[in-house]
Amino acid sequence: MTSASLDFRDRSRLFGALDGQRFDLLVIGGGVTGAGVARDAAMRGLSVALVEAQDIASGTSSRSSKMIHGGLRYLAQGDIALVREAASERKMVEVIAPHLARQTPFVMPARNPAAIARLQAGLWTFEKLGGVPKDRRHQVWSPAEVAEREPAIDRSDLAGAVVYPEYLTEDARLTLANVRSAQAAGAAVASYARVEEILLENGRAAGARIVEAPEIGDRQARVFAKVIVNAAGPWVDALRVLESGAAHARLRLTKGIHLVVDRARLPVNRTVIMSAADRRSVFAVPKGDFTYIGTTDTFYEGADYWPRIEPADAAYLLAACSARFSTPALAVRDVVSAWAGVRPLVAEEGKAASDISRRDEIWTGPGGVLSIAGGKLTAYRKMAERIVDLAETALGRKPVKSRTATTPLAGGDVDVQAAEAALRAGGLSETAAQRLVGLYGSEAPAIGDGGPGVEARHAVLHEGALTLEDYWVRRSGRAWFDHRGGLDALAPAAAEMAGLLGWPPAEAARQVEACRKRHHDTLASLAAPLTTKA
Ligand SMILES: Cc1cc2nc3c(=O)[nH]c(=O)nc-3n(C[C@H](O)[C@H](O)[C@H](O)COP(=O)(O)OP(=O)(O)OC[C@H]3O[C@@H](n4cnc5c(N)ncnc54)[C@H](O)[C@@H]3O)c2cc1C
């Protein structure tokens, strides 16, 4: 076991390390925001506790489009500061975890020369603001080059395409790598540990009562801290209510869905940007043997771990594909898996869902809790830096310089090309080598040939997995990017986990069935008949 290994099996020890203890900082929420805050604070020498109600990254941080954006779209919104921040932050992720920031060209087809000129003007500004080096600047492709390089794109009325580099990540694993690094720097971490009460002393938030998720156990702990950070994503408002009894809602949630199809059905070599019926940009992204299509942006009520996908969401994305590609039209029956998530956006009255700014905001509650929401996965490190600066000030310390931009994350000390080449020399296919290095970075050799049993073992012993879903959805990504939705991996993974986690005899079968049901119910929801109001 390395110091960055997360092993959450000894629940009494985890809750014991929290109960009655006093920390400098308590972070509520193990999404990318909370994970980044815990890592930065622990690396600055604060004593830190991080508690997560479910699994690490079980909220929005496993449901994104998996892009480390340069921030081009913020240019259209005139948000220059956000463009600058996004552009510089994506470089940082590439430094600390190169396997989790994989450069990939984005192709924007255009129907007329004026559109190409407009796109180029935007990109020139963006490249200047973002300090994009010469070899990473955009190119323009002629229609013939588009035909040769992306033959699936419909060529009628095509004036060419503008192509520029962006980065793809593995959102849940980026979050996990931050949690592991936080723990290695000294943070006490517990998953399946929900804050159910904020403990007040003389009107000041002094700690929290934590209750174990019932599917795992029935432990409780009272943990104390000088500063509390609420990084509960879509649940930020619910935590603010716990702090003050009542609090007016600060968040506006919007839902985004993604559909996954076999790459053979939508054969793209790079990410292709399409225009949806309402002129929003949506993407088709190649990933191994699959292509994923996303995303939607519609108002959503209620912070759900599994937001419901409506047939209209799927129809919107499929129609955008039909309009852009000349390959046979995609239908719901082509979708092999799908996911949805909710964006915890800061409410802006009167704005359409996709016009609401992606900026983050920090509020200090009446009890002193620092709540943070909004923002993007891309900027998580910078958001963390800002909030830890505030926490240090609240602790009466002069903020220490953050070291998170230069210290590798768990698995991040890797030369991606060399690691992939080594796995291929060992007999793995290019796709398998890319998948393993993309998920595990420098730890890929420990996974061998990437069989589900070995992966599940690693997930339990080093990555804090406690349920089959933790492995299937957030550690291995098989729920969305494997043949038959990764259903074949469930039984061998469950058998391995049952031994390591001491499950009673019927538990493995019950968890396999729960994952299968999740998969089938999701696919069924895409085609469910539209309900009409009486
Ligand atoms: C469809 C979609 C696409 C996106 N695409 C991108 C993209 O491509 N690039 C990008 O940069 N950003 C993207 N984003 C935005 C990005 O995913 C989010 O900004 C980010 O993941 C939010 O992280 P978070 O940690 O704030 O929230 P979350 O990940 O939701 O984490 C909050 C955590 O708090 C926990 N919690 C809640 N209540 C409690 C409690 N009482 N006690 C303890 N824990 C609690 C939850 O279980 C959860 O794990 C996308 C978002 C969506 C929805």
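Just so we're clear, the structure is a prediction, and the values are computed from it rather than from any experiment. We count ligands from 1, going down the list as the structure has it; atoms in each ligand are counted the same way.
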K.L.:
Tell me the salt bridge (charged side-chain N to carboxylate O under 4.0 Å, His left out) pairs involving residues 362-376, sequence neighbours left out?
P.N.:
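Pairs touching residues 362-376 that pass the test: none.
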
K.L.:
Look only at the side chain of E212 and the backbone of R219, and say whether a donor-acceptor pair between them is shorter than 3.5 Å.
P.N.:
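Between the backbone of R219 and the side chain of E212 there is a qualifying donor-acceptor contact (under 3.5 Å).
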
K.L.:
For V32, does its backbone N or O pair with a side-chain atom of S61 as donor and acceptor, under 3.5 Å?
P.N.:
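Pair found, side chain donor or acceptor close to backbone of V32.
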
K.L.:
So, applying salt bridge (charged side-chain N to carboxylate O under 4.0 Å, His left out) with E170, which one of R435, K287, R475 is it?
P.N.:
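Among the candidates, only K287 passes.
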
K.L.:
What pairs of donor and acceptor atoms, side-chain ones from residues 229-238 against any protein atom, are under 3.5 angstrom apart with sequence neighbours left out?
P.N.:
from: N230; atom 1: OD1; to: A232; atom 2: N; distance (Å): 3.2
from: N230; atom 1: ND2; to: V236; atom 2: O; distance (Å): 3.1
from: N230; atom 1: ND2; to: S371; atom 2: OG; distance (Å): 2.9
from: W235; atom 1: NE1; to: A303; atom 2: O; distance (Å): 3.3
from: D237; atom 1: OD1; to: R240; atom 2: NH1; distance (Å): 2.6
from: D237; atom 1: OD1; to: R250; atom 2: N; distance (Å): 3.1
from: D237; atom 1: OD2; to: R250; atom 2: N; distance (Å): 3.1
from: D237; atom 1: OD2; to: L251; atom 2: N; distance (Å): 3.0

K.L.:
List the protein residues in contact with ligand 1, where contact means a heavy-atom separation under 4.0 angstrom.
P.N.:
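Close residues (ligand 1, cut-off 4.0 Å): I28, G29, G30, G31, V32, T33, V51, E52, A53, S58, G59, T60, S61, R63, S64, S65, K66, M67, H69, A193, R194, V195, A231, A232, G233, P234, W235, L239, G256, H258, T295, Y305, G341, V342, R343, G375, K376, L377, T378.
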
K.L.:
Please tabulate, one pair per line, all N/O donor-acceptor pairs under 3.5 Å involving side-chain atoms of residues 14-22, not counting sequence neighbours.
P.N.:
from: D19; atom 1: OD1; to: R222; atom 2: N; distance (Å): 2.7

